[in-house]
Every structure is written in C-alpha cells, then in structure tokens.
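Read through the structure below, which is laid out as structure tokens, and then see the notes.
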2 protein chains.
Amino acid sequence: MTEKRQYKQRLYTLFAAVSQALANPHRLELIDLLAQAPRTVEDLAREADMSLANTSQHLQRLKQARLVETQRDGTFIIYRLANPTVSDLWLALRSVAGQQLAEVEQALDAYRTRRHEFKQITVQELQERLQTGEVILIDVRPATEYRNGHLPGALSMPLSEIQQMMAALPDDRMVVAYCRGPYCVMADQALEILAENGRKVARLEEGVVEWQQAGYPVSYH
Amino acid sequence: MTEKRQYKQRLYTLFAAVSQALANPHRLELIDLLAQAPRTVEDLAREADMSLANTSQHLQRLKQARLVETQRDGTFIIYRLANPTVSDLWLALRSVAGQQLAEVEQALDAYRTRRHEFKQITVQELQERLQTGEVILIDVRPATEYRNGHLPGALSMPLSEIQQMMAALPDDRMVVAYCRGPYCVMADQALEILAENGRKVARLEEGVVEWQQAGYPVSYH
DNA sequence: TAAATATTCAATAGATTAGTTGAATTATAT
DNA sequence: ATATAATTCAACTAATCTATTGAATATTTA
C-alpha cells in the first residue's frame, strides 16, 4: 500500500510541475503573448522587454513542461501554445487571481489609469449593435495578431497606426475598441486618441481568447 | 512609460503567485481533497498522509494565496476552497498535464493498476440507463464527501463499508461506481470486490467536481 | 562554400526560497 | 484548570531560480 502512495505522489508531482512552469511573471507574459498569436523568439523578447537569451531560457522551460511547442520557419523558430487548453489554464489562473486578490484590481487601476473613464460595452450589447450597424468595432492589436484570429466584423486598426487610419472611420457611429483582454492597455490608449478627436467611444473588455472560450466563433479574414 | 512596464510586471507577479501556491504536490493533494468537501486540518493530514505541522504550513500558504479559507467550528478549524473557480483552475491544470505529459498516463496506470479491466461508462450512457433502471449507481467516497454533494440518484456506499452494504444491492442490475474522479483509485477497488462477488460492474471516470463543471446538477440529500 | 542571422547551450554567480520537524504557544471547550 | 485542536516558531537542510555571458549550432542567403 505504500507503493500506492508513491504513485499518487508521482501524479501530484507531475501536476505541480506544470504549475511550477507557470509560476513566473516572465513566463506568464510569454504565455499571454502566445495566446494571442504564435511568434518568434525575437518578437517575444521585444514585446516582453526581455533579453533574447533570457527569453529563450524561459521558453525552454515552457517547452519542457509541454506548454509550448516550436516550428521552424526559415531562420526563425516560431513558438506557439501546445494546446488550446493551455489558454484555458491561463484564463482560469487569471480568473482566480482576479477574484481572490484585491491587489489585482489595484494593480490594474495603476496600469490602466483611464480604465473607468470609458464606457464599457458587454458582449451581448456589442452583438446587438453590430447587427443594427450602430457601432463600429476595431481591433487595435498588432496586425499579426489580428490575422491570427479576430472578432467577426472587427476592423484591424493597430494602435501604432491609429492616427492615420482614424480618418477612414465613418464619423456617425460609436467606435468600440478591444485588444488582448481586460489586462491590456492598448484599447484604452486607442480610445483616448479617438475621444480627443471627438468620437463617441466604448471599450470591450474581452479579447479574442476570452471571446473564444465563451464559445463564440472567430474570424480569420 | 517605464512605469507602465512596472505595473504590468506587478500584475503578472500576482498571477504567478497563485501558480506558485499550487506548484507543490502536497498542496495540490490538499486542494484535491478540499474540492470534494471542506475538512479539518486533522482530517486533511490523515487523508494526505502528512504530519500535522506540515499540513498546517501548506494550508497557510494556500490561505495566503486566497485559494482556501477557514471557518471555526468549536476547537476545529474547517478549511474549504475559497471559490468554485479554484476547482476550475485545478481541473484545468490537471487537464493540461493529462493531455501534454505522457508521464501522467504512465503514472496513472501504475496507480490504478486495474484501470483497464473494468468497463467504463460515459456520462450520457449512465444517464440513459439510470432512467430506464438498468443500472444502479454508487458513490464509494467517505460519507462526509457524499453529504457535501453527489450525483443525482447515487447511493452512498463508502469503500470501507462496501463488504457489509453490498448485500443490500439488488442483484439483477449492473453496478456503476464513481469516486473522486479519474485520478482516484477507490472506485476500482470497490468494483474489484463487487466483481469477485459475481456482480456486473462498470466505472464512471468522472467525479462530482467534473460532473458539476460539465454543467450537471448535484444532489445533497 | 562562406557569411549572416536566429536561437540555443553551457557555465556561473548570487540570491532567494522552500520544505520539514519538534517544541512552544494560542485558542476553545469541558 | 485541563484536554484538545491548530498554529507558530526556530532551525536546519537543501534546492531552485534568474539573469548574464560568450561560445556553439543550424539554417538561409550571397
């Protein structure tokens, strides 16, 4: 019977190893980025503000834990999440932390300083108003992420190019912006610019991953 | 802008702290037990085969991470999961590990040695056959866990008492047993005893937590 | 074939952190 | 007051973890 205990312990140790792989802020940021789209090491290092070698090391740990996998493309190596359930795990982790730790709300307020300034729109509301043509929906993430999947009906309008592209938007409709999800500041920044230019704006807190997990379909073109 | 980076880092650090709290086999076993029912420290220590002091220490860490909470009952302190989403997180973690790590299957085969000997029954199949009265469903977990919630129509028949209680079962129907889920060996042990006594048996891999997460209702009486 | 590029590897420093145990302590109930 | 349940403390051991560097590898391009 003491063997049984060992085997049970081995199982829990395996589960703990996965949790261990996620138990680092840098690695979580990498997972978060990869949940939006597959990327090269360089790209990840730049987005996460880490050295290349360090990024590579952390990616190795994630790979060992089978949370990410690689695929070569020319001289680049492209990392991707190994499985959609990894996204689910990341969302579950975020959700528990968000619900249980008041510090998350505080940190979020410090990060997204204008979070409470903009009107929020729910998924249901958005869908109704998109149908009737009352609102226009923009995806302000980098174009690569848009190409990897976006909300149906969304226009790609990366934050970096919004000043130029803004003019192309019809000015009789409210603009709803979304980005990588509730812990992403890009949509707020886009709305700030749009609002300064006299647009009626609102933010959708959900990103593509949250949208998808809720069971809604995603567009690719 | 470098402040922004700090705040983002702080957020990921908070998420990582939750993962860190789960990144230990003993603590995962405690979470697993608490997912079945609230318990005292003593009870947890006994079930998990750990010293009392050690159990207490690990529980403190889980409490700090807000994954569990306490409630006093006389001289006892009762621990429970702080939130149903903690169960979801635990299931998501288990699911990722199960899908990505071949070692989990191997360890499971070593732990549940007779796992492949018994017929498995799916949730759908079970529901159909319960309706028609073709099968009888037993919950072989300790009675406390049964009382905390069980599958509708299940009889409480703890593994420890199955020898005595077995006789009460009608002998014209197949007996389906379940316990704490796919990583629990109790149902297998019950089926072994029942099969030796000439019963037709089958195992339901799902436990109450998996059942509940799938959206099915749970009974309490 | 050689050069250029992207990524990984190996080795290291340095700090921090984690897990366990037994004894002492606190809190509650009788 | 005494017994019971749980927590905390002190102490020890061990281990892990991150970030950094420069060298090495693998693939493509010239």
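Here is the naming used below: chain letters follow the sequence lines, and residue numbers restart at 1 for every chain.
Each of C/dT5, C/dT7, D/dT4 was ranked by its minimum atom distance to the side chain of A/T75; first place goes to C/dT5. Closest to the side chain of A/Q20, from the set D/dA6, C/dA18, D/dC17, is D/dC17. Looking at the side chain of B/R61, the nearest of the listed nucleotides D/dA6, C/dT20, C/dG19 is C/dG19. Side-chain atoms of A/A53 lie closest to D/dT20 of the nucleotides D/dT7, D/dA5, D/dT20.
At whole-Å resolution of the value, CD1 in B/I78 and C1' in D/dT7 are 17 Å apart. Atom C1' of nucleotide C/dA29 and atom CG of B/D73 are separated by 12 Å, given to the nearest angstrom. Across the protein-nucleic acid pair, B/L28 atom CG and C/dA18 atom C1' stand 15 Å apart, rounded to whole Å. For B/L52 and C/dG19, the CG to P distance is 18 Å, given to the nearest whole Å. Here the P atom of nucleotide D/dT20 and the CG atom of A/N54 are 6 Å apart, to the nearest Å. Taking atom CD of A/E29 as the reference point, atom P of D/dA19 lies 12 Å away to the nearest angstrom. One can place CD1 of B/I77 at 12 Å from C1' of D/dT4, the figure rounded to the nearest angstrom. Separating the CD atom of A/Q9 from the C1' atom of C/dT20 is a distance of 14 Å, rounded to the nearest angstrom.
Contact between the side-chain N/O atoms of B/S56 and the OP1/OP2 oxygens of D/dA6 is not found at any separation under 4.0 Å. The phosphate of D/dC17 (OP1 or OP2) has no side-chain N or O of A/R27 nearer than 4.0 angstrom. Remark: B/Y79 is not in phosphate contact with D/dA5, judged by side-chain N or O atoms under 4.0 Å from OP1 or OP2. Look at B/N24 and you'll find a side-chain N or O under 4.0 angstrom from OP1 or OP2 of C/dG19. Residue B/R72 has no polar side-chain atom (N or O) positioned under 4.0 Å from OP1 or OP2 of D/dA6. An OP1 or OP2 oxygen of C/dT20 is reached within less than 4.0 angstrom by a side-chain nitrogen or oxygen of B/H26. Note on B/H58: every side-chain N or O is 4.0 Å or more away from OP1 and OP2 of C/dA18.
In terms of position along DNA chain D, the nucleotide closest to B/V41 lies nearer the 5' end than the nucleotide closest to the other residue of the pair B/V41 and A/S51.
Checked for salt-bridge contact, A/R114 and A/E192 meet the test: a charged N lies under 4.0 Å from a carboxylate O.
Proximity of the aromatic rings of A/Y183 and B/F15 is defined here by a centroid distance below 6.0 angstrom, and this criterion is met.
A/Q57 contributes a side-chain N or O that forms a donor-acceptor pair with the base of D/dT20 under 3.5 Å.
Partner of B/D188 under the salt bridge (Lys or Arg N to Asp or Glu O under 4.0 Å) criterion, chosen from B/R112, B/R180, B/R115: B/R112.
One side chain, B/Y12 or A/D32, offers a donor N or O that lies under 3.5 Å from an acceptor on the other. With no hydrogens or angles considered, no side-chain donor-acceptor pair links B/S95 and A/T85 at under 3.5 Å. When only modelled atom types and interatomic distance are considered, A/N148 and A/Q36 share no side-chain donor-acceptor pair under 3.5 Å.
Counting non-hydrogen atoms under 4.0 angstrom, A/L59 reaches nothing in the nucleic acid.
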